[in-house]
Structure formats: C-alpha cells, structure tokens
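Worksheet for the structure shown next.
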Number of protein chains: 2
Amino acid sequence: MGIQERKEREKEDMRRLILEAARKLFLEQGYEKTSIRNIADAIEYSPGTIYLYYKDKNELLFALHEEAFLKMMQQLITVTHISDPFERLIEMGHQYIKYAIENPELYDLMFIMQAPMETLACRDEIWEDGLKSFGLLKLVIEDCVKAGYFKETNIEIMAMTIWAYMHGLVTIYLKNRMSMFKDDQQLERIQESFQLFIKMIKTSL
Amino acid sequence: MGIQERKEREKEDMRRLILEAARKLFLEQGYEKTSIRNIADAIEYSPGTIYLYYKDKNELLFALHEEAFLKMMQQLITVTHISDPFERLIEMGHQYIKYAIENPELYDLMFIMQAPMETLACRDEIWEDGLKSFGLLKLVIEDCVKAGYFKETNIEIMAMTIWAYMHGLVTIYLKNRMSMFKDDQQLERIQESFQLFIKMIKTSL
DNA sequence: CTTGCACACTGAACAGTGTTCATTATATTT
DNA sequence: AAATATAATGAACACTGTTCAGTGTGCAAG
C-alpha cells in the first residue's frame with residue numbers, strides 16, 4: 001500500500017507549499033496585511049483549500065513561530081566556539097540584536113504578537129521554543145559565574161534581567177520609538193547603549 | 001452671534017462623546033476588536049457620523065495617545081517630592097512598572113503599536129509626548145550625576161539604557177512571554193529583576 | 001412668516017476580511 | 001464499470017473601515 005504513503009507525502013507537500021507562500025507574504029507585507037485569499041492566490045488554490053491543511057490563520061503563524069525560534073537558535077549557537085564565556089555572552093548579545101533587526105517580522109511574532117499566544121496557549125510546544133533559547137542564555141551566564149566573572153548567583157534572575165534589557169533595546173528600535181535620535185544615528189546609539197550595558201554587567205554582576 | 005460659539009461647543013462635546021466611548025471600548029476589549037460600528041452603537045449614532053469628527057480610526061487612537069502620555073507623566077511626577085535623586089529614580093521605576101501593568105492597552109498604544117506611528121509620522125506632536133517623558137528620566141539621571149551617584153557622563157545613553165531595560169521588563173510580562181515562571185510568581189520575578197538592576201546601576205554607572 | 005440654504009446625520013454601498021460548507025470533480029477501491 | 005472516498009471549489013456569512021448621495025432640521029435673509 002504505497003498509495004497511503006504517497007498521499008501523506010502529498011499532504012505534507014501541500015502544507016509546505018502553503019506555509020512557504022504564507023511566510024513569503026507575511027515577511028514581505030506583514031501578518032495583518034496578508035489575507036488568506038492572498039496566500040491562496042499565490043499558490044493558485046481557492047481560499048477554502050488552505051483550511052483543509054491549517055485550522056486557521058493563527059496556525060500558520062504558529063508554524064512560523066517554530067521556524068523563527070529555530071533560526072534564532074542557529075544564529076545564537078554560532079558563538080559556542082568562543083572559549084571565554086564573557087566574550088561569548090557579549091557576542092550572543094550582538095547576534096541577538098542582529099537577528100532582531102534583520103528579521104523584524106519574525107521577532108514580532110516570537111516576542112510581541114498576542115495572536116500565537118492566545119490560540120495556542122494550551123499547547124506546550126510554544127513555551128518549549130522560548131524556554132530553549134532562554135536556557136541557552138542561562139548556560140552562558142552559568143559559565144560566566146563558574147569562570148568567576150560574576151559574583152551574583154541567581155542565574156534565573158540574571159538571565160531575566162539581561163534578556164529584558166536586550167528585548168527592550170531592540171523593541172524600542174523596531175517599533176520606531178527612537179525618534180529622539182536622528183534616523184542615521186539610531187543604530188549607533190543602540191551599540192553605545194549595549195557597550196554601556198556590558199560595562200554594567202561586567203563590573204556589578 | 002452666540003450661535004457659532006454654541007455650535008463649536010456642541011462640536012467639541014460630540015468629539016468628547018465619541019472619544020470617551022472609544023476609550024471605554026478600546027480599553028475594555030482592545031483596539032483591534034473594537035469596530036467603528038461598536039463605537040457608533042455605544043453613542044447611538046450612525047457609523048458615518050464618527051467620520052465627521054475624526055478622520056479615521058487612527059485619529060481616535062492618536063487622541064488617546066496624548067491622554068496616555070499625560071496620565072503616565074502625572075504618575076511619574078509624583079516622585080518629585082523625594083529629595084534623594086537616586087531614591088527618586090528608583091521610585092520612578094516602580095511607578096513606570098505600575099503604570100504599564102495597570103494600563104496595558106495604553107502602554108501598548110504608547111510604545112508598541114505601529115498604527116499611531118505610521119499615520120501620524122508627519123505630526124511633531126507624537127514625538128513631543130515621548131520626548132517629554134524621556135526628558136523627565138534624563139533630568140533625574142542628571143540629578144544623580146550631580147549628586148555623585150554616577151561617574152558616567154553620557155546622560156542620553158544612560159537614559160536610553162535604563163529605559164530599554166524597563167521597557168523590556170514590562171513588555172515581556174504584558175505580552176505573556178514570562179511563561180518560564182509560574183503565573184503567580186511573575187510579578188515577584190519582575191521585582192527581583194528590578195532590584196538586581198538597581199544594584200547594577202548603583203555600583204557601575 | 002415664509003423661503004432658501006447650510007449643515008448634521010443617516011444608512012446603504014464598496015471593497016475588503018476570516019471562515020464555513022454544500023457541491024463538484026477526481027482518484028481509489030470494489 | 002460502478003461505487004465510494006477524498007480533495008478542491010467558490011459562493012455565502014458575518015464581519016471590517018470608509019465613503020457618499022440623500023434626508024431632515026435649524027438658522028438667516030427676504
């Protein structure tokens with residue numbers, strides 16, 4: 001019975017086809033401005049077909065949610081070759097900023113949008129993604145503690161504090177709330193602030 | 001000609017009537033889920049009427065944007081009686097967190113939503129509100145520098161860094177991204193992180 | 001006191017949205 | 001070849017923000 005297997009393969013193909021079109025449109029013109037009909041047009045199927053493969057628009061969002069975390073993890077993991085844990089932490093920060101700025105729509109989806117949280121609050125997988133990347137941060141911080149960089153011991157709260165700062169920094173920029181600085185100076189200010197923050201955690205954590 | 005004056009008064013009354021209904025609904029059920037027809041129903045007018053007083057839905061948002069900043073400023077300003085500048089800075093932080101948590105929809109409007117930024121990017125008034133509150137933070141920091149609390153001199157970057165942290169902290173909470181902590185522990189963790197951050201700026205700014 | 005005008009208001013209409021479902025077309029099984 | 005199971009359709013539903021020709025009322029001038 002190779003037919004069933006082929007059918008399942010076709011079903012998977014279709015899911016991918018839809019998701020790829022959705023991703024393309026979401027990232028190009030934003031989530032809100034992309035309609036199911038837009039996606040259907042892109043893949044030359046009728047709107048109703050999409051609902052045979054995804055429960056609703058939020059489920060499409062959720063599929064990208066996973067992808068987005070995977071992509072960020074892959075980028076953050078590139079720092080593992082740096083032996084000094086504090087240097088590694090700094091570079092992780094740089095990569096975090098880079099990821100956020102280069103993937104504003106994905107970042108929004110991961111950390112700001114309500115939609116994937118509401119509908120999928122029941123499913124544990126959502127938290128899993130977030131927890132894994134938070135765990136990555138905690139690991140590096142733990143290494144810093146072990147190497148004697150930090151005197152502080154509450155790793156959970158240290159991670160929370162560092163993440164809060166990083167998240168605030170990029171969010172202010174992404175959501176266009178840095179108007180107190182000229183457009184061409186904004187990225188510079190982000191780097192200056194980040195340098196100051198590094199100094200802060202170096203001398204007082 | 002008292003008639004013209006009366007008519008203008010009536011026009012103002014109508015604008016207020018609409019805005020108050022809009023605010024009520026926006027804060028109750030969120031901006032996205034409130035339709036013009038909902039607002040029209042609430043004040044017992046037809047949908048078209050609203051457009052005689054406000055250009056579009058975003059203009060309603062903008063009117064609340066101003067209100068929201070005013071409200072926050074009033075709350076932040078209550079700390080001026082504290083003579084010690086560092087204590088004042090800490091209390092300002094507490095008030096900032098309090099405001100964000102107690103007015104999540106307004107906070108969203110002020111610092112996260114794109115809508116009021118896009119349509120009103122031309123108008124200088126938007127920045128004005130934000131700049132004024134950012135100025136308030138800078139003033140307190142300046143006082144801290146003068147009082148010898150901080151060795152750092154770049155007030156702009158210090159303010160940016162502190163705000164980024166505060167904003168990140170409350171945003172993570174408001175947007176339900178603190179699932180690594182149990183629901184009833186989240187506010188506690190916020191306070192713990194804030195205490196750590198205070199320690200950080202005290203010993204290293 | 002009547003006529004004419006200005007203006008507030010209406011609500012149907014337009015183009016769009018997410019989603020559902022009876023119907024149709026296709027492919028598989030009997 | 002007939003019966004059945006599955007996939008795809010697209011019209012329909014209940015919404016959305018926004019516009020605009022038409023209506024009715026209150027004011028001003030004749």
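Numbers restart at 1 for each chain; the letters A, B, ... are given by sequence-line order, proteins then strands.
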Heavy-atom count around A/Glu102 CD within 6.0 Å, excluding the residue itself: above 12? yes
In whole angstrom, what separates [X]'s [atom1] from [N]'s [atom2]?
X: A/Leu17; N: D/dA7; atom1: CG; atom2: C1'; answer: 15 Å
X: A/Tyr54; N: C/dG18; atom1: OH; atom2: C1'; answer: 17 Å
X: A/Leu52; N: C/dC21; atom1: CG; atom2: P; answer: 12 Å
X: B/Met14; N: C/dC7; atom1: CE; atom2: P; answer: 17 Å
X: A/Ile39; N: C/dT17; atom1: CD1; atom2: C1'; answer: 12 Å
X: A/Ile18; N: C/dT19; atom1: CD1; atom2: P; answer: 13 Å
X: A/Ile50; N: D/dG10; atom1: CD1; atom2: C1'; answer: 13 Å
X: A/Tyr45; N: C/dT24; atom1: OH; atom2: P; answer: 21 Å

Using the ring centroid of each side chain, check whether B/Tyr96 and B/Phe194 are separated by less than 6.0 Å. no
Would B/Tyr107 and B/His167 satisfy ring pair (Phe, Tyr, Trp, His ring centres under 6.0 Å), going step by step from the backbone distance to the final call? CA-CA 10 Å; B/Tyr107 191 87; B/His167 174 64; 5.7 Å; yes
Whether each nucleotide of nucleotides 12-26 of chain D has a protein heavy atom under 4.0 Å at its base (B), only at its sugar-phosphate (S) or at neither (-) is summarised, 5' to 3', as B---BBBB-------
Salt bridge (charged side-chain N to carboxylate O under 4.0 Å, His left out) pairs, two or more places apart, involving residues 66-80 of chain A: A/Arg23-A/Glu67
Under 4.0 Å between a side-chain nitrogen and a carboxylate oxygen: does that hold for A/Lys132 and A/Asp129? no
Using a strict cut-off of less than 4.0 Å between a Lys/Arg side-chain nitrogen and an Asp/Glu carboxylate oxygen, indicate whether B/Glu192 and B/Arg189 qualify as a salt bridge. yes
Categorize A/Tyr53 for me: base, sugar-phosphate, or nothing, with a 4.0 angstrom heavy-atom threshold over every strand shown. sugar-phosphate
